[in-house]
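Everything numeric in this text was worked out from a predicted model, so none of it was measured. Both ligands and their constituent atoms are indexed starting at 1 by order of listing.
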Amino acid sequence: MSFYRISNADKYRTAYQQSVEHPETFWSDIAGHFTWRKRWDKVLEWNFEQPDIKWFRNARLNITENCLDRHLADRGDQPAIIWEPNDPTQANRTITYRELHAQVCKFAHVLKNNGVGRADRVCIYMGMIPELAIAILACARIGAIHSVIFGGFSARSIADRVQDAGAEYVITADGAFRGGKVIELKSVVDDALEQCPFVKRVIVYSRTDTPVSMIQGRDVWWDDELENVHNAGYADFPAEEMDSEDPLFILYTSGSTGKPKGVVHSSGGYMVYATYSFVNVFQYNPGDVYFCTADIGWITGHSYIVYGPLCAGATTVLFEGVPTWPEADRFWEIVDKYKVNILYTAPTAIRSLMAHGTGPIEKHDLSSLKVLGTVGEPINEEAWQWYYENIGKGQCPIVDTWWQTETGGILISNLAGVTPHKPAHATLPLPGVQPILVDDKGNEITGNGVAGNLCIKFPWPSILRTTYGDHERCRQNYFATYPGLYFTGDGCLRDLEGNYRITGRVDDVLNVSGHRIGTAEVENAINMHSGVIESAVVGYPHDIKGQGIYAYVILDSHHHDEKLTRLDINQTVSRLIGPIAKPDQIQFVTGLPKTRSGKIMRRILRKIAEGETENLGDTSTLLDPTIVDEIKNGKL
Ligand code: WTA
């Protein structure tokens with residue numbers, strides 16, 4: 001399996017050119033490396049107005065045959081997943097491709113026995129254990145649509161997602177270990193499902209031996225169900241034949257307005273792009289051990305822990321714990337223990353580990369590393385240099401990979417060792433990706449040394465197809481701002497050599513420790529707290545998290561103990577969204593800077609939160625300009 005690996009800079013240029021001039025031939029060649037039950041009639045049909053995008057028309061496949069079955073002959077005994085538990089003194093697990101195939105097949109039988117069928121939605125809320133990957137793959141095997149919910153989300157967030165997806169099935173665990181804590185997952189699910197009486201079945205894996213309530217007729221144990229399958233003598237589970245455009249999964253993500261949207265990814269196009277980008281960006285070689293530290297609850301875990309690496313036949317490390325427990329050397333310990341060759345992590349993790357100095361690194365041999373990667377937010381130069389010098393010892397290229405939940409895979413990044421890296425720059429688009437910068441009116445900004453809003457003008461195979469249950473929302477959000485283009489929501493510079501540098505969101509979406517959070521979502525949660533009249537949330541630069549959450553809150557006229565109220569508001573946000581959305585700073589104010597039409601001037605609030613006091617820009621259109629001084633003087 002060669003997967004069309006671009007192995008030098010000349011080949012990159014040729015491939016790029018071909019991908020623009022003959023996109024159908026380009027993608028057809030790459031797709032030819034996969035296992036299809038039936039090939040496509042046409043490579044691509046698209047328009048961005050609707051949007052209506054179809055890749056590999058009428059092709060038939062099952063992604064799990066590509067992730068599992070086709071590896072059995074050549075690398076059945078090679079580890080597919082190496083699992084490192086939260087507690088380093090506990091036994092780890094190595095699961096070969098053959099074992100993973102067998103476990104996925106068995107669990108597919110479990111799903112079927114419990115009534116799950118093709119196109120049914122299954123929500124999965126688990127910690128980072130192999131059973132999470134098995135659950136995902138088993139859904140794909142039977143043609144069910146999985147929707148993984150990050151383990152840090154609250155009951156209310158789960159209920160919203162289960163309802164929006166109309167998921168009648170949930171897979172969870174009693175609890176999850178994370179550092180020194182046990183997270184009681186099943187109990188959170190129980191609270192969520194109070195609002196979801198239509199859920200027919202909850203399958204519960206036992207990981208932490210946390211006491212749980214099992215509701216008769218609804219809840220069953222993972223192990224009991226497996227036992228039934230075993231006793232019935234089932235082994236293989238023939239993969240369901242899917243259409244290339246059948247949805248593979250839904251993943252909810254925050255936007256600038258309202259509730260999170262269910263981004264829908266396809267089967268064929270997603271498979272091709274996740275694998276192609278994995279192999280090329282990381283320059284994966286057969287036998288390499290690859291470790292991505294993301295959580296499978298986010299897109300990075302979907303594309304680059306599960307689907308991309310497994311389709312490519314790689315060995316992927318799955319880590320249950322956190323980088324700083326029991327010591328701040330967990331990543332380096334894992335690299336040393338499994339002789340990791342490719343490490344993919346996030347700037348926020350790098351910055352938090354920088355704070356621990358080089359002591360934790362010196363204890364371990366990191367010489368197996370060949371390639372380093374980062375994702376999730378712009379990486380500052382200081383963190384880049386630290387990563388390069390201390391982890392890569394000045395020997396490993398760093399791939400700064402820009403992409404989004406909606407893009408399904410990495411769109412802009414250097415290719416490790418093939419195209420040059422540049423600190424804090426995602427650098428160049430992958431072949432097949434056509435970025436364009438536009439001004440606020442949608443006019444293209446050409447040439448180099450320029451800045452603008454980042455759009456993509458031509459489809460790539462893993463572009464989102466819709467937002468679940470609301471296609472118009474998908475159109476509005478991504479395809480209506482600049483007609484004819486996919487709008488990313490990111491601002492971007494193109495330097496004199498044509499390298500792209502992503503500068504951050506230009507909409508009301510925050511990026512806190514690499515987690516996407518909509519300001520409107522946080523405001524809605526704060527406003528639910530009794531005593532709160534109104535609030536406005538903005539981001540501000542934060543040393544570790546990249547962005548912190550700054551909330552301006554107007555309280556009613558009752559007496560409030562400010563310290564206690566801050567804690568209460570945080571508690572409310574934790575309950576409604578999850579701890580990741582808790583404001584870092586809450587400033588109480590008596591008013592907000594609004595225009596005469598009632599619109600909050602966030603620009604001013606952002607500047608104050610950033611510590612700017614002088615150049616707040618034009619405040620003459622404000623209804624009450626004096627409020628700005630009050631807010632400035634009360635800045636925390
Ligand atoms: C940001 C994560 C700069 C960006 C895969 C994007 C980045 C959002 C980078 C998507 C990067 C991601 N450099 N910014 N290398 N990677 N971003 O959906 O603002 O969780 O729009 O997907 O993260 O976040 P999401």
Side-chain angles (χ1 to χ4, degrees), residues 148-150 152-153 249-256 260-265 270 273-274 277-278 281-282 292-305 307-308 344-351 372-381 383-384 387 398-414 421-430 433 435 453-456 462-464 467 477-478 481 486-494 499-519 521 539 545-547 580-581:
V148 182
I149 304 171
F150 172 62
F153 278 122
F249 65 85
I250 305 171
L251 190 58
Y252 284 83
T253 190
S254 294
S256 50
K261 307 178 279 278
V263 168
V264 177
H265 280 292
Y270 174 82
Y273 197 85
S277 54
F278 170 75
V281 169
F282 299 105
C292 168
T293 71
D295 193 288
I296 293 180
W298 308 111
I299 190 69
T300 306
H302 283 62
S303 301
Y304 300 116
I305 295 180
Y307 287 117
Y344 190 28
T345 191
T348 185
I350 298 169
R351 288 190 301 263
L372 304 176
T374 86
V375 60
E377 54 175 311
I379 181 165
N380 48 311
E381 245 184 277
W384 194 99
Y387 196 32
I398 296 182
V399 287
D400 178 350
T401 65
W402 173 84
W403 59 298
Q404 312 179 292
T405 304
E406 296 84 347
T407 70
I410 298 165
L411 296 194
I412 304 182
S413 172
N414 49 310
H421 60 206
K422 176 168 180 184
H425 288 69
T427 73
L428 299 173
L430 266 67
V433 176
N453 300 311
L454 177 63
C455 296
I456 315 285
S462 63
I463 186 173
L464 86 164
T467 47
N477 256 284
Y478 307 106
T481 316
Y486 165 80
F487 177 43
T488 65
D490 280 324
C492 183
L493 306 173
R494 188 164 49 218
N499 289 306
Y500 290 85
R501 174 185 186 140
I502 315 302
T503 48
R505 304 288 303 196
V506 293
D507 54 8
D508 291 321
V509 172
L510 306 180
N511 191 329
V512 180
S513 299
H515 303 323
R516 253 167 91 169
I517 300 171
T519 52
E521 265 178 272
K545 298 180 177 185
Q547 264 188 318
I580 52 172

Which heavy atom in H425 sits nearest to a heavy atom in N499, and how many Å separate them?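 In this case the closest contact between H425 and N499 is CD2-CB, 4.2 Å.
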If every non-hydrogen atom of T401 is compared with every non-hydrogen atom of S413, which pair is closest and at what distance?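 Taking every non-hydrogen atom into account, CG2-OG, 3.5 Å.
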So is there a nitrogen or oxygen of [X] less than 3.5 Å from a nitrogen or oxygen in ligand 1?
{"X": "T401", "answer": "yes"}
{"X": "T488", "answer": "no"}
{"X": "D400", "answer": "yes"}
{"X": "R505", "answer": "yes"}

Y270/F249 aromatic ring centres below 6.0 Å: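 Aromatic pair counts; centres sit under 6.0 Å.
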Proximity of Y304 and W403 rings by center, below 6.0 Å: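 Under 6.0 Å, so yes.
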Taking L464's backbone N and O only, do any of them form a donor-acceptor pair with E406's side chain (distance below 3.5 Å, no angle check)?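 Checking the backbone N and O of L464 against the side chain of E406, no donor-acceptor pair under 3.5 Å is found.
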Say whether, by atom type as modelled, one donor and one acceptor occur between the side chain of T467 and the main chain of G262 under 3.5 angstrom.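 Flag not set: sc T467 to bb G262 has no pair under 3.5 Å.
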Looking only at non-hydrogen atoms, which of I412, V506, T405 approaches atom 25 (P) of ligand 1 most closely?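 That would be T405.
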Just to be sure I'm reading this right: ignoring hydrogens, which of H302, H425, E377, E406 gets closest to atom 13 (N) of ligand 1? Compare them by their nearest heavy atoms.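 Closest candidate by heavy-atom distance is E377.
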I'd like to check which ligand 1 atoms, numbered from 1 as shown, lie under 4.0 Å from a non-hydrogen atom of [X].
{"X": "T300", "answer": "5 (C)"}
{"X": "V375", "answer": "5 (C)"}
{"X": "I502", "answer": "3 (C), 14 (N)"}
{"X": "N511", "answer": "1 (C), 23 (O)"}

Quick one: nearest non-hydrogen protein atom to [atom], plus distance?
{"atom": "atom 24 (O) of ligand 1", "value": "R516 CD, 3.2 Å"}
{"atom": "atom 5 (C) of ligand 1", "value": "W403 CE2, 3.5 Å"}
{"atom": "atom 6 (C) of ligand 1", "value": "D490 OD2, 3.2 Å"}
{"atom": "atom 3 (C) of ligand 1", "value": "P378 N, 3.1 Å"}

With a 4.0 Å heavy-atom cut-off (strictly under), which part of I299 contacts ligand 1: side chain, backbone, both or neither?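 Near ligand 1, I299 shows its side chain, while the N, CA, C and O stay back.
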For W402 and D490, which I'm curious about, is there any donor-acceptor pair between the side chains at under 3.5 Å?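 Present: a donor and an acceptor within the cut-off.
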Parallel, tilted or perpendicular, judged at 30° and 60°: which one describes the rings of F150 and F153?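 Perpendicular, since the angle between the ring planes exceeds 60°.
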State which residue, out of L251, I463, I299, fulfils the side-chain contact (heavy atoms from CB on, under 4.5 Å) condition with H265.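 When side-chain contact (heavy atoms from CB on, under 4.5 Å) is applied between H265 and each of L251, I463, I299, only I299 qualifies.
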In a check of side-chain contact (heavy atoms from CB on, under 4.5 Å) between T488 and each of L454, T407, D507, which one passes?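 Result: among L454, T407, D507, L454 is the only option passing the side-chain contact (heavy atoms from CB on, under 4.5 Å) with T488.
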Does at least one non-hydrogen atom of G376 fall below 4.0 angstrom from an atom of ligand 1?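 Judged by the 4.0 Å heavy-atom criterion, G376 does count as contacting ligand 1.
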